[in-house]
Amino acid sequence: MSLKIIVLAKQVPDTRNVGPDAMTPEGTVNRAVLPAVFNPEDLNALEQALRLKDANPGSTITMITMGLPKAAEVLKEGIFRGADKGVLLTDRVLGGADTLATSYTLAQGIRKLGDFDIILCGRQAIDGDTAQVGPQVAEKLGLTQITYTEEILECTKEKIVARRHIDGGVETVEGPMPIVVTVNGSAAPCRSRNAKRVMKYKKAATTLEIAAASEEVQAFYAQRPYLQLTVWNAADLEADPAQIGKTGSPTNVKSVKNIVFKAKENKSLTGSDADIEELIVELIQNNTIG
Ligand SMILES: Cc1cc2nc3c(=O)[nH]c(=O)nc-3n(C[C@H](O)[C@H](O)[C@H](O)COP(=O)(O)OP(=O)(O)OC[C@H]3O[C@@H](n4cnc5c(N)ncnc54)[C@H](O)[C@@H]3O)c2cc1C
């Protein structure tokens, strides 16, 4: 059995390096000033995809990302780790998308790709932090979804069995294929780059980059189609202009503030009954509990 697997991966600003100019005055992320990384949970999703591919020879993994042309870096990274193909959805009119417009655009990309068995994505992106895109993609494509997945235990052409990590425990669920699966950060970490694949694909480039290059470079890529990363714009996606980018986004982020927690005072407790009783009384008196 071979599977057609899609992995959705987002290039995100590294939120460990957020400075004062991290947001634009319009409330969108100022991606130009922040170092960009592969969204961590998308790497967990990629690992689940790679395990399915290992267990089912002949399977293919296609990665899709929506973002600036630079977002193609996550496609290359995924290919270095074992994915087969990459598709970049990019267009000025896709900019400023909220989760509704993002999931619509990704769903259009998936529709254009056509045949697939399973769509894997991270549970949540570390910039928007909403965890809405996976479920919305499933909804738009009319597919069943399994969220908070930690491990895919079984997968056939008909059904999938997965273990979910939920508040207070784990649960094992079953769903019909094709399906959307969102993967948690507690799932297995992604394997490292494969040195042979890095050598083979290090010159992988988007069709946008290739079109802008010299005739000599274009000839080089024409002979090596496996190095070409597909690029689709809004027209290629046959996207409804009212549902993409800022126009298709009912959400507006008004402002983002840095909050620094400062301790005004501290108290050392010995763990004795008297200390604990004193603490409880204090917490009740200042209405923290009770
Ligand atoms: C501070 C801040 C607050 C925001 N608040 C909201 C809000 O309240 N409501 C709202 O609708 N939007 C909000 N946004 C916008 C939101 O970040 C974008 O819509 C974003 O494109 C998708 O949402 P997310 O990052 O929350 O993704 P999530 O839903 O957290 O992402 C889940 C998974 O979907 C996949 N995925 C998500 N985006 C892409 C992509 N571009 N390409 C490929 N795969 C992808 C990845 O696998 C990812 O792990 C906010 C943005 C910021 C910066």
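Read the numbers this way: they start at 1 and go in the same order the structure lists the ligands and their atoms.
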* Between T130 and ligand 1, which residue portion shows a heavy-atom distance shorter than 4.0 Å: side chain, backbone, both, or neither? -> both
* **Modelled atom types, side-chain donor and acceptor of S192 and R81, under 3.5 Å** => no
* Asked: Hey, does the side chain of N194 reach the backbone of R197 with a donor-acceptor pair shorter than 3.5 angstrom?
  -> yes
* Side chain or backbone of T251 under 4.0 Å from ligand 1, or both, or neither, by non-hydrogen atoms? -> side chain
* Same apolar cluster (I L V M F W Y, side chains within < 4.5 Å links), L94/M63 -> no
* Structure fact -> Note: ligand 1 atoms sitting under 4.0 Å from heavy atoms of A9 are 42 (N), 43 (C), 44 (N)
* Does one side chain, of Q11 or E73, offer a donor that lies under 3.5 Å from an acceptor on the other? -> yes
* Structure fact -> The answer for which part of N39 has a heavy atom under 4.0 Å from ligand 1 is side chain
* Would you mind running through ligand 1 and noting each atom that sits below 4.0 Å from a heavy atom of I64? => 43 (C)
* Just which atoms of ligand 1 are under 4.0 Å from any heavy atom in D127? -> 25 (O)
* Just jot down the ligand 1 atoms closer than 4.0 angstrom to any heavy atom of C121, in number order. => 47 (O)
* **Heavy-atom check, side chain of T62 versus side chain of I5, under 4.5 Å** => no
* State whether the number of non-hydrogen atoms from other residues, nucleotides or ligands found under 6.0 Å of K85 atom NZ is greater than 12. => no
* Asked: Taking atom types as modelled and ignoring hydrogens, do the side chains of T206 and E209 form a donor-acceptor contact shorter than 3.5 angstrom?
  -> yes
* For R123, is at least one N or O under 3.5 Å away from an N or O on ligand 1? -> no
* Taking both backbone and side-chain atoms of L100, is any N or O found less than 3.5 Å from an N or O belonging to ligand 1? -> no
* Under 4.0 Å to a heavy atom of D42 - the qualifying atoms of ligand 1, by number -> 46 (C), 47 (O), 48 (C), 49 (O)
* Asked: Is the shortest distance from a heavy atom of G67 to ligand 1 less than 4.0 Å?
  -> no
* Would you tell me which option among S249, G185, G128 has the nearest heavy-atom contact to atom 17 (O) of ligand 1? => G128
* Asked: Does a donor on one side chain and an acceptor on the other come within less than 3.5 Å for R51 and Q48?
  -> no
* Should one rank V133, L43, V183 by closest heavy-atom distance to atom 29 (O) of ligand 1, which comes out on top? -> V133
* **Close approach of Q136 to ligand 1, heavy atoms, under 4.0 angstrom** => no
* Shortest heavy-atom approach to atom 23 (O) of ligand 1 - which of N44, V7, T99 -> T99
* Identify, by atom number and element, the atoms of ligand 1 in contact range of G122, meaning under 4.0 Å from any of its heavy atoms. => 32 (C), 33 (C), 47 (O), 48 (C), 49 (O)
Atom pairs and distances, side-chain donor-acceptor, residues 119-126, under 3.5 Å, sequence neighbours left out:
residue : atom : partner : partner atom : Å
R123    : NE   : E41     : OE1          : 3.2
R123    : NE   : E41     : OE2          : 3.1
R123    : NH2  : E41     : OE2          : 3.0
Q124    : NE2  : D129    : O            : 3.4
Q124    : NE2  : D129    : OD1          : 3.0

* **Polar proximity ligand 1 side, L106 side, N/O cut 3.5 Å exclusive** => no
* Check whether the side chains of E150 and S186 place a donor and an acceptor atom closer than 3.5 Å, and report yes or no. => yes
* **Any L89 heavy atom less than 4.0 Å to ligand 1** => no
* **Q132 to ligand 1, any heavy atom closer than 4.0 Å** => yes
* Asked: Is there at least one pair of N or O atoms, one from A131 and one from ligand 1, spaced under 3.5 Å apart?
  -> yes
* Asked: Are any of the N or O atoms of A97 closer than 3.5 Å to those of ligand 1?
  -> yes
* Asked: Should the pair K200 and Y226 be classed as cation-pi, given the thresholds of under 6.0 Å to the six-membered ring centre and 45° from the axis?
  -> yes
* **Distance-only donor-acceptor check, side chains T270 and D275, under 3.5 Å** => yes
* Those residues that, when tested against D84, pass side-chain contact (heavy atoms from CB on, under 4.5 Å) (two or more places apart) -> K53, T60, I61
